[in-house]
Number of protein chains: 2
Amino acid sequence: MAVSTRAVSRAAAGEPAAGKYDTGEAMCPYRLVLEHVTSRWGVLVLIELLDRPHRFSELRRAIGRVSEKMLTQTLQTLERDGLVHRDAKPVIPPRVDYSLTGLGREAAEQVRALADWTTDRMDDVEKARLTYDEARASRTRAS
Amino acid sequence: MAVSTRAVSRAAAGEPAAGKYDTGEAMCPYRLVLEHVTSRWGVLVLIELLDRPHRFSELRRAIGRVSEKMLTQTLQTLERDGLVHRDAKPVIPPRVDYSLTGLGREAAEQVRALADWTTDRMDDVEKARLTYDEARASRTRAS
DNA sequence: CAGCATCCCCGCAGATACTG
DNA sequence: CAGTATCTGCGGGGATGCTG
């Protein structure tokens with residue numbers, strides 16, 4: 001039904017299922033949007049759409065290893081938040097194009113900046129990890 | 001044991017547990033770092049530490065609603081990646097201060113920019129949601 | 001106070017089958 | 001091709017109890 005569909009959609013993209021953390025206080029709304037944008041697949045979708053609009057299956061291939069279901073859910077969440085525009089052409093076979101809205105482009109640029117930073121600094125991170133693991137290993141030997 | 005401890009640490013902060021998505025290909029490393037940084041609690045920790053160094057319990061209170069376990073795991077992951085510096089003073093009662101490294105500060109600034117954008121555009125997002133839900137509701141009535 | 005160990009639940013996400 | 005509906009597992013993450 002429509003209701004359960006909405007429930008699924010709201011649960012998508014890393015958003016908590018509204019009962020799990022509902023220990024009295026409500027989660028502040030901006031964190032929800034932030035989690036949609038920074039969600040596992042949300043990040044990759046936004047970055048991919050920043051290059052150019054994509055069809056559904058193009059996105060699947062571009063991202064790789066995302067299940068059809070998760071991609072659908074992620075796109076629905078982002079569409080609902082007004083970040084992604086969905087253009088379904090009434091043709092056979094169906095053709096649906098996804099693109100960024102103005103709002104979505106702003107978000108995507110922030111996200112891409114972060115992703116670019118990550119790739120740039122990747123080697124620093126890996127060095128840090130080696131140092132950390134080294135220290136841990138020697139601590140283990142000492143005990 | 002040390003081995004299992006490391007396994008827990010690696011699974012922290014939204015990082016997949018190394019077997020779940022291991023359908024043959026390895027996940028590219030930069031996505032892992034990206035997911036640490038954009039993880040549920042990672043985002044909030046980085047933003048909080050951008051203001052000033054925090055003690056463990058200060059972070060807990062500042063973030064709110066984060067379990068001790070998840071905060072520990074998140075901090076360990078970020079420390080291992082070289083983004084967070086852990087300073088444990090050998091005193092009683094124990095006192096541990098967490099601060100950003102140079103690398104971590106760069107990441108945190110990107111993340112905060114994204115968070116700021118989210119709060120700024122929050123009302124646009126909510127308007128978009130109303131529009132979206134409205135459209136869905138009328139579609140349901142039509143069918 | 002900081003953090004580790006253990007238990008356990010439930011919800012995310014993958015797999016599969018079916019529709020327009 | 002672009003979805004929806006349903007089932008299932010397993011791992012994230014909360015709760016609790018214990019150590020230094």
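Per chain, numbering begins at 1; letters A, B, ... match sequence-line order.
As rounded to whole Å, 16 Å separates atom P of C:dC12 from atom CH2 of A:Trp41. Residue B:Leu71 contributes atom CG, which lies 14 Å from atom C1' of D:dG14 at whole-angstrom precision. Computed from coordinates, the A:Glu68 CD to C:dA15 P distance equals 11 Å when rounded to whole Å. The distance between atom CD of B:Gln76 and atom P of C:dC4, rounded to the nearest whole Å, is 5 Å. Rounded to an integer number of Å, the gap from CZ of A:Arg95 to C1' of D:dC1 is 11 Å. Put simply, CE on A:Met70 is 15 Å from C1' on D:dG3, counting in whole angstrom units. For the pair A:Glu35 CD and D:dG12 P, the computed distance is 16 Å after rounding to whole Å. When rounded to the nearest whole Å, the span between CZ of B:Arg60 and P of C:dG3 equals 12 Å.
The nearest heavy atom of DNA chain C to B:Ser57 and to B:Lys69 marks one nucleotide each, and the one closer to the 5' end goes with B:Ser57.
Remark: nothing in residues 44-53 of chain A comes within less than 4.0 Å of DNA chain C through any heavy atom.
For A:Arg52, the salt bridge (Lys or Arg N to Asp or Glu O under 4.0 Å) criterion is met by A:Glu58, not counting sequence neighbours. Partners of A:Arg60 according to the side-chain hydrogen bond (donor to acceptor under 3.5 Å, both in side chains) rule, which considers only residues two or more places apart in sequence or in another chain, do not exist here. Scanning for side-chain hydrogen bond (donor to acceptor under 3.5 Å, both in side chains) contacts around B:Glu106 gives A:Trp117, A:Arg121, with sequence neighbours left out. Residues satisfying the side-chain hydrogen bond (donor to acceptor under 3.5 Å, both in side chains) test with B:Arg86, not counting sequence neighbours, are B:Tyr98. Scored by the side-chain hydrogen bond (donor to acceptor under 3.5 Å, both in side chains) test, B:Arg95 finds B:Asp97 as partners (sequence neighbours excluded).
Side-chain N/O atoms of B:Arg65 include none lying less than 4.0 angstrom from OP1 or OP2 on D:dA15. Contact annotation: B:Arg40 does not reach the phosphate of D:dG13 (side-chain N/O to OP1 or OP2, under 4.0 Å).
The side chain of B:Arg55 lies closest to C:dA2 when the candidates are C:dC4, C:dA2, D:dC1. The side chain of B:Pro94 lies closest to C:dC1 when the candidates are D:dC1, C:dG3, C:dC1.
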Intermediate values then yes/no, side chain to side chain contact (heavy atoms under 4.5 Å, CB included), B:Asp87 and B:Val96: CA-CA 6 Å; B:Asp87 183 20; B:Val96 182; 6.0 Å; no
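Here the CG-NE2 distance, from B:Leu103 to B:His85, works out to 14.0 Å after rounding to the nearest 0.5 Å.
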